[in-house]
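All remarks here apply to the structure that follows.
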Amino acid sequence: MKTIWITGSKGQLGTELQLQQEKLQDVRFLFTDIEELDLTNKQAVIDFAQKEKPALIINCAAYTAVDKAEEEFDTAMSINRDVPAHLAEAAKIVLARLIHISTDYVFDGTSCKPYVETDKTNPQSAYGKTKLSGEEVVLTNHENMVIRTSWLYSAHGNNFLKTMLRLGKERDELGVIFDQVGTPTSAADLAAALLEISKQILEGKENAGGIYHFSNEGVCSWYDFARVIMNFDKLNCFIKPITTDEYPLPAKRPFYSVFNKKKIKDSFGITIPHWSQGLAKTYIQLVTSPTNQNSV
Ligand SMILES: NC(=O)c1ccc[n+]([C@@H]2O[C@H](COP(=O)([O-])OP(=O)(O)OC[C@H]3O[C@@H](n4cnc5c(N)ncnc54)[C@H](OP(=O)(O)O)[C@@H]3O)[C@@H](O)[C@H]2O)c1
């Protein structure tokens, strides 16, 4: 029986992969987060891989505090560049394939058409720079994959969906940025795609290495996203469109981060739901989960 090792298992994406693991039969899953294994410890990563001999590693572990990374650049680098480097080395030793998750923040957001995988990167934030460095170390082995995603949210952890639902209950009016556009991505939909890709890799799919873009379908601004969230919860909070300048944050975000997803759809024969469908499913998951109700 083949083994898939999933890191960052308590994060948004890692949790979704755990919830959906039964979609793959005859596979042994190993889930680790920092309590089980601190991935910044290179020797520990190699020892773990040699002991467990995974056929595939999916790295969902990351430093994702985008604004804090401006001040904690070295810490962000050690998690977003050195950790994937350790995993790539371990994968090479045990002949495992590696799928590493990256971000739209590797682009500067000045494009006006959906980004393809070969477009020039130009990260504008410390977080984006550390994630690009992570991509580079992973891609030194041409069999490894980097899957970039954008605006990730789920029923678990902290994210825009949960923040909007909380603030929508607390306030009568909320300013939300309308001049940054992209695509919200449900961690559940990304996890489903990752499991399908994993299945094909374990079945022997060749030449799958390289960069891929994955988000849900469609495009919106943070303002549009917030309005749909408020409607789901029938909240009367007025969402006021504001500009990026009116809501200054330490890290610069891309104004345009829409992905062209043709490569991943054609390579693996997957269909991707529209972001509004992903949101509807996640909203139901959130309000029906007893563990989540108090945190909304
Ligand atoms: N969130 C987004 O909006 C977004 C957008 C685009 C791309 N992405 C990318 O998508 C991937 C998944 O994101 P996510 O939102 O699921 O991330 P997340 O919720 O922040 O989860 C990351 C997990 O990695 C763990 N981790 C951090 N340092 C570690 C270490 N040294 N050893 C072991 N585990 C460690 C974290 O633990 P702690 O919580 O204890 O630190 C956390 O459980 C990441 O690569 C991220 O860069 C995210």
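Quick note: numbers below take in every heavy atom, side chains included, and nothing from hydrogens, waters or symmetry partners.
Pairing each heavy atom of Ala191 with each of Leu13, the nearest pair is N-CD1, 3.9 Å. Closest heavy-atom contact between Ala49 and Trp5: CB-CZ3, 4.2 Å. Listed here is the closest heavy atom pair of Asp33 and Lys10: OD2-N, 2.8 Å. When every heavy atom of Pro123 is checked against every heavy atom of Gly128, the shortest pair comes out as CB-C, 3.4 Å.
Side chain of Glu70 to main chain of Ala126: a donor-acceptor pair is present (N/O by atom type, distance under 3.5 Å, no hydrogens or angles). Of the possible polar contacts, none joining the Ser257 side chain to the Gly109 backbone as a donor-acceptor pair under 3.5 Å is found. Between the side chain of Ser102 and the backbone N or O of Arg148, no donor-acceptor pair lies under 3.5 Å.
When the options Ile6, Ile197, Ile4, Val27 are evaluated for a side-chain contact (heavy atoms from CB on, under 4.5 Å) with Leu56, the one that passes is Ile4. Applying the side-chain hydrogen bond (donor to acceptor under 3.5 Å, both in side chains) test between Tyr63 and each of Lys131, Lys68, Glu72 identifies Glu72 as the sole match.
The local environment of CD in Glu206 is sparse, with at most 12 non-hydrogen atoms from other residues, nucleotides or ligands closer than 6.0 Å. More than 12 heavy atoms of other shown residues, nucleotides or ligands fall within 6.0 angstrom of atom CG in Asp266. Taking a 6.0 Å sphere around CG of Asn231, one finds it holds more than 12 heavy atoms contributed by other residues, nucleotides or ligands. Heavy-atom neighbours of Lys42 NZ from other residues, nucleotides or ligands within 6.0 Å: at or below the threshold of 12. No more than 12 heavy atoms of other residues, nucleotides or ligands sit less than 6.0 Å from atom NZ of Lys240.
Here CG of Leu87 is found 6.0 Å from CG of Leu98. Values are rounded to the nearest 0.5 Å. Remark: Ile177 CD1 to Phe255 CZ distance equals 8.5 Å, nearest 0.5 Å.
Using a cutoff of 4.0 Å between basic side-chain nitrogens and carboxylate oxygens, Asp67 and Arg253 are scored as salt-bridged.
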Apply side chain to side chain contact (heavy atoms under 4.5 Å, CB included) to Glu52 and Arg28, showing your working. CA-CA 10 Å; Glu52 302 294 349; Arg28 179 176 77 119; 3.0 Å; yes
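In this model, a donor atom of one side chain and an acceptor atom of the other lie less than 3.5 Å apart for Gln200 and Glu196. Judged purely by distance below 3.5 Å, without hydrogens or angles, the side chains of Thr243 and Glu246 pair a donor atom with an acceptor atom. Donor-acceptor pairing under 3.5 Å is recorded for the side chains of Asp38 and Thr40. Side-chain contact of Thr130 with Asn80: a donor-acceptor pair under 3.5 Å is present, judged by distance alone. Side chains of Ser154 and Glu16: no donor on one and acceptor on the other come within 3.5 Å.
Between Phe214 and Phe268, the distance separating the two ring centers is not shorter than 6.0 angstrom.
Grouping Ile, Leu, Val, Met, Phe, Trp and Tyr by side-chain contacts under 4.5 Å, direct or through others, puts Val219 with Val106, Phe107, Tyr115, Leu132, Val181, Tyr256, Val258, Phe259. Grouped by direct or indirect side-chain proximity (heavy atoms under 4.5 Å, Ile/Leu/Val/Met/Phe/Trp/Tyr only), Val116 sits alone.
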